[in-house]
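To start, the structure under review is shown below, and the notes come after it.
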Amino acid sequence: MEAHGAGLRRVLVLAFCVAGIWSAYIYQGVLQETVSTKRFGPNNERFEHLAFLNLAQNVVCLVWSFIMLKIWSNGKSGGAPWWSYWSAGITNTIGPAMGIEALKYISYPAQVLAKSSKMIPVMFMGTLVYGIRYTIPEYVCSLLVAGGVSLFALSKTSSKTISKLAHPNAPLGYGLCFLNLTFDGFTNATQDSISARYPKTSAWDIMFGMNLWGTIYNMMFMFGWPTASGYEAVQFCKEHPEAAWDILLYCLCGAVGQNFIFLTISRFGSLTNTTITTTRKFVSIVVSSVLSGNPLSEKQWTSVGMVFSGLSYQIYLKWRKLQRMTKKRKPM
């Protein structure tokens, strides 16, 4: 009975994590799409300064992680010092800015699909720079994802969807997404290096360090000179409180979502977290299609299916590899 109770608690915690990640990031996606496409006020003005969303989220997550460190650290030290994140902070500032800026040029579902193809630049760089050889199933995964994204990009987008975009330009939008993925790769590699050098570094330390430098760099970019775009963004929020409220909720969703991701990784591992976040992206596309009133064409749904089939197969391959490693570690 005791084992049954522990198993039930584990299932309930997993369900709690799934619900938290899905609700936080699906709603954040809705808000992101709203802010990037909606026209505010009697003059139907757009919020053009989407990079301001990254600054706002950096500030909210910085405050959140500082509070969490004060609550949970209990005076422990030994984590990476705050200044060690300066280089990762650069790529973590530029990458997300490009990703969110892409929403001016392509639809939200297109952006989600493009950003789901992270394995392609990773495998490309691994082969080109480090001479890594991948298995045939891994190449199958990447081909499915690449083919799905390409098919979606080549599919005809409805005129209603195009009319909502600030500056429709598919090549530029997809280009920004793939640059976003490239910078993310450098960010992740730098974070892994920092964690290896400072093993006692906690998730809150990383969150604090990354958002501290993100805040510094974004403040310089948004408010570094008298005509910088940050002043216009603040003025827009003053004139349109509805936009300011959407931005605040967007930032809170990001902070809450990161908490659930850290909880999932600590309790169930990174593979479970990858599975949850991958399925969340698929649901985000469905929700966007329903709420925006812009249903995807059959060809576009086929491409979505190809991408998430490739991602699901990749998750399965990782699970099999993990199972084999676990068996090897078991004592004879």
Side-chain angles (χ1 to χ4, degrees), residues 14-38 50 53-54 57 61 95-120 144-145 148-149 151-153 155 157-158 160-162 164-165 170 173-174 176-178 180-181 184 246-247 249-261 264 272-315:
L14 179 59
F16 179 64
C17 291
V18 172
I21 291 173
W22 277 31
S23 56
Y25 285 112
I26 289 172
Y27 188 46
Q28 187 185 47
V30 171
L31 291 167
Q32 189 182 64
E33 187 172 15
T34 299
V35 173
S36 64
T37 60
K38 189 176 179 179
L50 296 181
L53 291 176
N54 290 324
Q57 178 148 300
C61 289
M98 289 181 169
I100 204 165
E101 197 72 14
L103 288 172
K104 291 181 179 179
Y105 310 104
I106 57 176
S107 66
Y108 177 73
Q111 185 228 36
V112 172
L113 272 192
K115 291 176 70 175
S116 297
S117 59
K118 189 173 183 177
M119 70 172 78
I120 297 170
L144 276 170
V145 173
V149 173
L151 182 63
F152 193 97
S155 301
T157 306
S158 69
K160 187 177 179 182
T161 301
I162 293 174
K164 288 186 176 183
L165 301 175
Y174 283 106
L176 286 170
C177 285
F178 285 113
N180 172 207
L181 293 178
D184 277 354
D246 285 341
I247 292 171
L249 289 177
Y250 170 87
C251 298
L252 291 174
C253 283
V256 171
Q258 285 189 38
N259 276 270
F260 279 105
I261 283 177
T264 304
T272 301
N273 178 66
T274 301
T275 306
I276 295 169
T277 53
T278 299
T279 51
R280 187 277 304 172
K281 290 174 182 176
F282 179 80
V283 176
S284 290
I285 292 175
V286 176
V287 170
S288 171
S289 177
V290 172
L291 292 183
S292 65
N294 301 323
L296 303 182
S297 65
E298 286 186 14
K299 190 180 286 187
Q300 287 176 321
W301 277 119
T302 300
S303 61
V304 171
M306 287 175 64
V307 170
F308 285 96
S309 294
L311 294 175
S312 300
Y313 190 32
Q314 183 194 37
I315 291 169

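Basis for what follows: all heavy atoms, side chains included, without hydrogens, waters or symmetry-related copies.
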Exercise. After noting the C-alpha distance and the side-chain angles of S288 and V112, does the key distance pass the side chain to side chain contact (heavy atoms under 4.5 Å, CB included) rule?
Worked result: CA-CA 11 Å; S288 171; V112 172; over 6 Å; no
For this session: Determine, step by step, whether V286 and W301 satisfy the side chain to side chain contact (heavy atoms under 4.5 Å, CB included) criterion, reporting the C-alpha distance in whole Å, the side-chain angles of both residues, the deciding distance to 0.1 Å, and the verdict.
Result: CA-CA 10 Å; V286 176; W301 277 119; 3.8 Å; yes
For this session: Output, in order, the C-alpha distance, side-chain angles, deciding distance and verdict of side chain to side chain contact (heavy atoms under 4.5 Å, CB included) for F308 and L113.
Result: CA-CA 9 Å; F308 285 96; L113 272 192; 3.8 Å; yes
Exercise. Step by step, would you call L14 with I276 a side chain to side chain contact (heavy atoms under 4.5 Å, CB included)?
Worked result: CA-CA 10 Å; L14 179 59; I276 295 169; 4.2 Å; yes
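The two residues V307 and S116 have their closest heavy-atom pair at CG1-CB, 4.2 Å. The shortest heavy-atom contact between L165 and K104 is CB-O, 3.8 Å. F152 and P109 get closest at one heavy-atom pair: CZ-CB, 4.2 Å. Pairing each heavy atom of T161 with each of S107, the nearest pair is CG2-CB, 3.7 Å. Of all heavy-atom pairs between N180 and G99, the closest is OD1-CA, 3.6 Å. Looking at every heavy atom in both residues, G173 comes nearest to A102 through O-CB, 3.5 Å.
Looking at heavy atoms from C-beta onward, F282 lies out of side-chain contact with T278 at the 4.5 angstrom threshold. The shortest side-chain heavy-atom distance between F260 and S23 does not fall under the 4.5 Å cut-off. When side chains are defined from C-beta on, S117 counts as touching L181, because their heavy atoms get closer than 4.5 Å. Inter-residue side-chain proximity for T277 and T264 is flagged as unmet; no heavy-atom pair is nearer than 4.5 Å. Looking at heavy atoms from C-beta onward, Y250 lies out of side-chain contact with V35 at the 4.5 angstrom threshold. Counting heavy atoms from C-beta on, the side chains of V149 and Y174 come closer than 4.5 Å. Counting heavy atoms from C-beta outward, I21 and N273 have side chains that approach closer than 4.5 Å. Looking at Y108 and S36, their side chains never come closer than 4.5 Å, going by heavy atoms from C-beta outward.
To the nearest 0.5 angstrom, L291 atom CG is 8.0 Å from E33 atom CD. Atom OG1 of residue T272 and atom CD1 of residue I315 lie 10.0 Å apart, to the nearest 0.5 angstrom. If you take CD on Q32 and CG on L53, they are separated by 7.0 Å, rounding to the nearest 0.5 Å. Remark: I100 CD1 to L176 CG distance equals 12.0 Å, nearest 0.5 Å.
Listed by first and then second residue, the salt bridge (charged side-chain N to carboxylate O under 4.0 Å, His left out) pairs involving residues 277-291 amount to none (not counting sequence neighbours).
Here the side chain of S289 pairs no donor or acceptor atom with the backbone of I285 at under 3.5 angstrom. Using a distance-only test at 3.5 Å, with no hydrogens or angles considered, no donor-acceptor pair links the side chain of Q111 to the main chain of I106.
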Could you pull out every donor-acceptor pair under 3.5 Å between side chains of residues 251-258 and any protein atom, sequence neighbours left out?
none

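Each of T34, V30, L31 was scored for a side-chain contact (heavy atoms from CB on, under 4.5 Å) with L249, with one residue passing: L31.
Residues meeting the salt bridge (Lys or Arg N to Asp or Glu O under 4.0 Å) test with K164, sequence neighbours left out: none.
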